[in-house]
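Notes to accompany the following structure.
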Number of protein chains: 2
Amino acid sequence: MSNKITIDDLTQKLKGPHHKITPQRKIVLEVFIENPGEHLSAEDVHYILRDKGYDIGLATVYRSLELLSDLSILQKNDFGDGCRRYELNTATADAHQHHHLICVSCGKVAEFADDLLDELEDDIMKKSNFKITDHQVTFYGYCSKCQKKK
Amino acid sequence: MSNKITIDDLTQKLKGPHHKITPQRKIVLEVFIENPGEHLSAEDVHYILRDKGYDIGLATVYRSLELLSDLSILQKNDFGDGCRRYELNTATADAHQHHHLICVSCGKVAEFADDLLDELEDDIMKKSNFKITDHQVTFYGYCSKCQKKK
DNA sequence: TTATTTGCAAAGTCTTTGCAAGCAG
DNA sequence: CTGCTTGCAAAGACTTTGCAAATAA
């Protein structure tokens with residue numbers, strides 16, 4: 001019943017004549033599995049791989065991230081900090097996707113899942129006649145720690 | 001009682017020893033006043049200015065956009081299409097900010113203002129102990145026209 | 001075998017910066 | 001005058017692409 005993504009999921013999804021399972025792709029996914037909750041950029045992943053002793057080309061990291069998010073294994077995020085960030089995709093058909101709270105003081109990224117967003121989507125669809133398929137929702141503010149500091 | 005932004009607002013906000021009112025800054029703001037509802041990138045603004053016969057450096061456009069959004073005259077948007085986009089800031093102390101619906105088929109940007117988002121923010125603040133100061137909310141989907149085309 | 005993938009370096013896109021000349025106040 | 005702005009070109013940050021060599025199936 002576990003819904004955790006594993007290397008097997010990758011193998012599963014890459015079945016077919018057009019994709020291949022390569023060590024590079026596996027190891028990139030592994031980085032995300034080993035760093036749950038992190039929001040990693042291509043550069044981050046590349047650096048972590050270096051640390052682990054894998055010398056993979058940065059371009060390959062970019063290509064793997066693109067592929068993994070096309071396969072819905074990773075979720076692509078744009079926090080407006082100048083680079084794309086990825087994390088394991090935790091959304092399933094019936095589960096609510098989570099969203100981000102970014103502390104503008106310390107940079108910490110917290111997460112939340114909330115049904116209110118679904119209500120909001122339903123409401124928008126009704127009022128605007130727009131069929132929503134995806135969203136990018138990020139809140140900025142001060143985390144509890146930084147509120148105290150001030 | 002009008003809450004429309006004018007060149008006077010710029011003059012107003014640039015009062016003080018650290019900022020100057022320049023023709024470049026005025027004309028950049030004018031572009032937004034003359035193109036209500038558009039979400040313009042630096043390149044867009046630069047192009048429009050060219051068309052109007054003003055030969056302003058692109059770097060100056062970037063600097064003006066930065067300044068105008070620092071002054072809350074413009075609102076900065078990140079639609080994830082590779083460049084920052086700006087529009088006149090319609091948010092006031094008591095008015096709700098508007099948000100975006102982007103059609104992934106035709107690229108049209110629609111807007112909505114909804115109180116549900118405020119409820120969502122309140123809820124998040126209560127549950128997560130995060131003091132929200134800003135947000136970036138964008139929905140992607142199909143506009144009514146493109147739904148029919150399919 | 002053979003089409004996909006990799007690694008590298010080069011190119012591309014958007015944005016920022018350094019600096020001398022220009023200009024608003 | 002004097003310090004803020006401009007314009008230009010160069011640099012920067014992130015990402016994509018072309019291509020020959022390597023490799024999974």
Side-chain angles (χ1 to χ4, degrees), chain A residues 7-8 10-31 39-50 52-71 73-74 76-86 107, chain B residues 7-8 10-31 39-50 52-71 73-74 76-86 107:
Chain A
I7 300 289
D8 283 345
L10 179 62
T11 314
Q12 226 23 261
K13 297 211 181 192
L14 289 185
K15 282 270 159 65
H18 299 307
H19 286 134
K20 290 180 180 175
I21 299 157
T22 66
Q24 288 89 341
R25 289 171 179 177
K26 279 190 189 171
I27 199 71
V28 166
L29 175 53
E30 219 171 278
V31 167
H39 303 82
L40 306 173
S41 66
E43 206 81 59
D44 292 338
V45 172
H46 191 229
Y47 182 83
I48 291 170
L49 287 176
R50 272 267 153 91
K52 289 171 65 123
Y54 297 93
D55 202 349
I56 292 181
L58 182 55
T60 302
V61 174
Y62 273 103
R63 284 184 284 224
S64 298
L65 293 175
E66 185 67 31
L67 177 68
L68 290 171
S69 70
D70 283 351
L71 295 173
I73 292 178
L74 296 182
K76 196 186 288 191
N77 290 120
D78 188 346
F79 295 154
D81 68 339
C83 64
R84 262 171 235 152
R85 296 184 170 280
Y86 298 81
Chain B
I7 300 290
D8 284 345
L10 179 63
T11 314
Q12 229 20 265
K13 298 212 181 190
L14 290 184
K15 281 270 159 65
H18 298 307
H19 289 299
K20 291 181 178 172
I21 301 156
T22 66
Q24 287 88 340
R25 288 171 180 178
K26 278 189 190 172
I27 200 69
V28 166
L29 175 53
E30 220 171 277
V31 167
H39 303 83
L40 306 173
S41 67
E43 206 81 59
D44 292 338
V45 172
H46 191 229
Y47 182 82
I48 292 171
L49 287 176
R50 273 267 153 91
K52 289 172 64 120
Y54 297 93
D55 202 349
I56 293 181
L58 181 56
T60 301
V61 174
Y62 273 103
R63 284 184 285 223
S64 299
L65 293 175
E66 184 67 31
L67 177 67
L68 290 171
S69 71
D70 283 350
L71 295 173
I73 291 176
L74 295 183
K76 196 186 290 190
N77 291 120
D78 187 347
F79 295 154
D81 67 340
C83 64
R84 262 172 234 150
R85 296 185 169 279
Y86 298 80

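Scope of the values below: all heavy atoms of this structure, side chains included, with no hydrogens, waters or symmetry mates. The chains referred to below are lettered A, B, ... by the order of the sequence lines, with proteins before strands, and numbering in each begins at 1.
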B:Leu10 CG to D:dT5 C1', in whole Å, measures 14 Å
Between B:Ser41 and A:Asp55, name the one whose nearest nucleotide on DNA chain C is closer to the 5' end.
A:Asp55
Using whole Å, report how far CZ of B:Arg84 lies from P of D:dA13.
14 Å
Can you name the closest pair of heavy atoms from A:Ile7 and A:Glu30 and give their distance?
CD1-N, 4.2 Å
Report yes if at least one side-chain N or O of A:Gln24 is closer than 4.0 Å to OP1 or OP2 of D:dT23; otherwise report no.
no
Quick one, A:Leu29 and A:Arg25 - any side-chain contact, counting heavy atoms below 4.5 Å?
no
Member of B:Leu68, B:Leu10, B:Thr60 meeting the side-chain contact (heavy atoms from CB on, under 4.5 Å) criterion with B:Val28:
B:Leu68
To the nearest angstrom, how far is A:Tyr62 atom OH from C:dG7 atom C1'?
15 Å
Can you check the B:His46 NE2 to C:dT15 P distance for me, whole Å?
13 Å
Is the NZ atom of A:Lys26 crowded by more than 12 outside heavy atoms at less than 6.0 Å?
no
Min side-chain heavy-atom separation A:Glu43-A:Leu58 under 4.5 Å:
yes
Can a salt bridge be assigned to the pair B:Arg50 and B:Asp55 using a cut-off of 4.0 Å between side-chain N and carboxylate O?
yes
Provide, to the nearest angstrom, the distance between the CG atom belonging to B:Leu58 and the P atom belonging to D:dA10.
16 Å
Which is true for B:Arg63 with a 4.0 Å heavy-atom rule: it touches a base, it touches only sugar-phosphate, or it touches nothing?
base
Rounding to 10 degrees, work out the angle separating the end axes of the helix from C:dT1-D:dA25 to C:dG25-D:dC1 (five pairs an end).
40°
Evaluate the side-chain proximity of B:Leu49 to B:Gln24: yes if any heavy-atom separation is below 4.5 Å, no if none is.
no
Any side-chain N or O of A:Thr22 less than 4.0 Å from the OP1 or OP2 oxygen of C:dT4?
no
Could you check how far NE2 of B:His18 sits from C1' of C:dG25, rounded to whole Å?
14 Å
Return the value, rounded to whole Å, for the distance between atom CG of B:Asp81 and atom C1' of D:dT15.
15 Å
N or O in side chain of A:Thr60 less than 4.0 angstrom from C:dT5 OP1/OP2
no
Considering only C:dC8, C:dA24, C:dT17, which nucleotide approaches the side chain of B:Lys20 most closely?
C:dA24
Protein-nucleotide distance (A:Ile56, atom CD1; D:dA22, atom C1'), rounded to Å:
15 Å
